[in-house]
Amino acid sequence: MAPGQTTLPVRDYDLAATLDSGQVFGWRERSGSWTGVIGCRPVRLTPTLDAIEVETPGPVTQWDWLAGFLQTEVRLESILQTFPDDPPMRRAAAACRGLRVLRQDPWECLASFILSSTKQIVQIRQIVALLRERFGDPLAALAGEPPAFSFPSPEQIASATESQLRECKMGFRAPSLLAAARMITDGHFDLQRPAHLPRLEARGELMRLRGVGPKIADCVLLFAYGHDSAFPVDVWVARALQQLYFPRRRATEKRLQKFAETHFGPHAGYAQQYLFHYMRTKNPQRAAD
DNA sequence: TACCAGGAGAGCG
DNA sequence: CGCTCTCATGGT
């Protein structure tokens, strides 16, 4: 096999659902293959029946970074078993079988979700793409693909001006992104720290950053720091909880948060991602009424 | 056109 | 705590 290619055996892995469920914003599908960038490597992923075919430019000696990002070694069945056994959860789990929670780079995840507030997923993708092109490093391209760019580092963002960032269509989120980048480059925020803290302390740490509230903090805890019990409540998930679990009475945001803490178990974040993807893709009309 | 989007923060009672 | 307003931009 060529040095830039490998085959990753997988089971219970729905690559499309995983890459298109609003946890990452830099992946595109074309004729059955997904292309994106992990760290400084452009990657093309092609799912087959029981594996993922992988292609990346240049020689590669080990693939830990890829298995880590894709979380291919996680036994999905043992996670699904911890979901509550109620009708809504059974429906969501059945509808999204193979959906995984990725393990992303903390900075890229944090920055992306700072940009996500009150934005549609298509728009977040556009903002992130502009950021990469204008402030990231150009990378060796995959055969047949346009040039790719790394996600700009905190240093690269910190050296930009607010108006340059606003030109990437991020609007009022620009000062928050800039402040976060500067906190990191100035040594006032340690990206490694949340990795070693209990979930609630890590959450508080992230919320020191301007533009990072409970929801965005929970997204970063779940998608980057591996806190599986973090349960981000956005408009879609709030709607899902309201309609599926409290159809008769109106529940406050705080009530929903508290319910989620106790109801979904140790992998609540996984359950949340299933509910989110289910509501957005499989059951859109239910979201309307 | 009017409304909404993987929210957060500030002001108010 | 709970409510309301603003922030910027694009899709539907």
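Not measured: the values here are computed from a predicted model. Below, chains carry the letters A, B, ... as their sequence lines are ordered, and counting in each starts from 1.
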Separation between CZ (A/R173) and CD1 (A/I127), nearest 0.5 Å, reads 6.0 Å
Neighbours of DNA chain B within residues 100-112 of chain A, by heavy-atom distance under 4.0 Å:
none
Kindly confirm or rule out a cation-pi arrangement of A/R41 over A/W65, judged by NZ or CZ under 6.0 Å from the six-membered ring centre and within 45° of its axis?
yes
Categorize A/L115 for me: base, sugar-phosphate, or nothing, with a 4.0 angstrom heavy-atom threshold over every strand shown.
nothing
Using the six-membered ring wherever Trp is involved, compare the ring planes of A/F259 and A/H263 and label them parallel, tilted or perpendicular (cut-offs 30° and 60°).
parallel
4.5 Å side-chain heavy-atom contact, A/R203 and A/L197
no
One should read off an interatomic distance between A/D14 CG and A/L76 CG, to the nearest 0.5 angstrom, of 10.5 Å
Does anyone know the first and last nucleotide of DNA chain B in reach of chain A, 5' to 3', at under 4.0 angstrom to a heavy atom?
B/dA5 to B/dG9
Looking at the rings of A/F135 and A/F151, which for Trp means the six-membered one, are their centres under 6.0 Å apart?
no
For residues 162-171 of chain A, which residues have at least one heavy atom under 4.0 Å from DNA chain C?
A/R166, A/K169, A/G171
Using the benzene-type ring in the case of Trp, are the ring centres of A/F264 and A/F83 under 6.0 Å apart?
no
Taking it one step at a time, do A/R199 and A/S229 satisfy side chain to side chain donor-acceptor pair (under 3.5 Å)?
CA-CA 8 Å; A/R199 194 195 75 193; A/S229 60; 3.2 Å; yes
Using a strict cut-off of less than 4.0 Å between a Lys/Arg side-chain nitrogen and an Asp/Glu carboxylate oxygen, indicate whether A/E253 and A/K215 qualify as a salt bridge.
no
For DNA chain C, which nucleotides open and close the run of contacts to chain A, 5' to 3', at under 4.0 angstrom from a non-hydrogen atom?
C/dC1 to C/dG11
Taking salt bridge (charged side-chain N to carboxylate O under 4.0 Å, His left out) as the definition, give me every residue that meets it alongside A/R11, ordered by chain and number, with sequence neighbours left out.
none
Any residue of residues 220-235 of chain A with a heavy atom less than 4.0 Å from an atom of DNA chain B
A/F223, A/P232, A/D234, A/V235
Between the side chains of A/Q156 and A/D137, is a donor N or O closer than 3.5 angstrom to an acceptor N or O?
yes
Salt bridge flag under 4.0 Å for residues A/R44 and A/E53
no
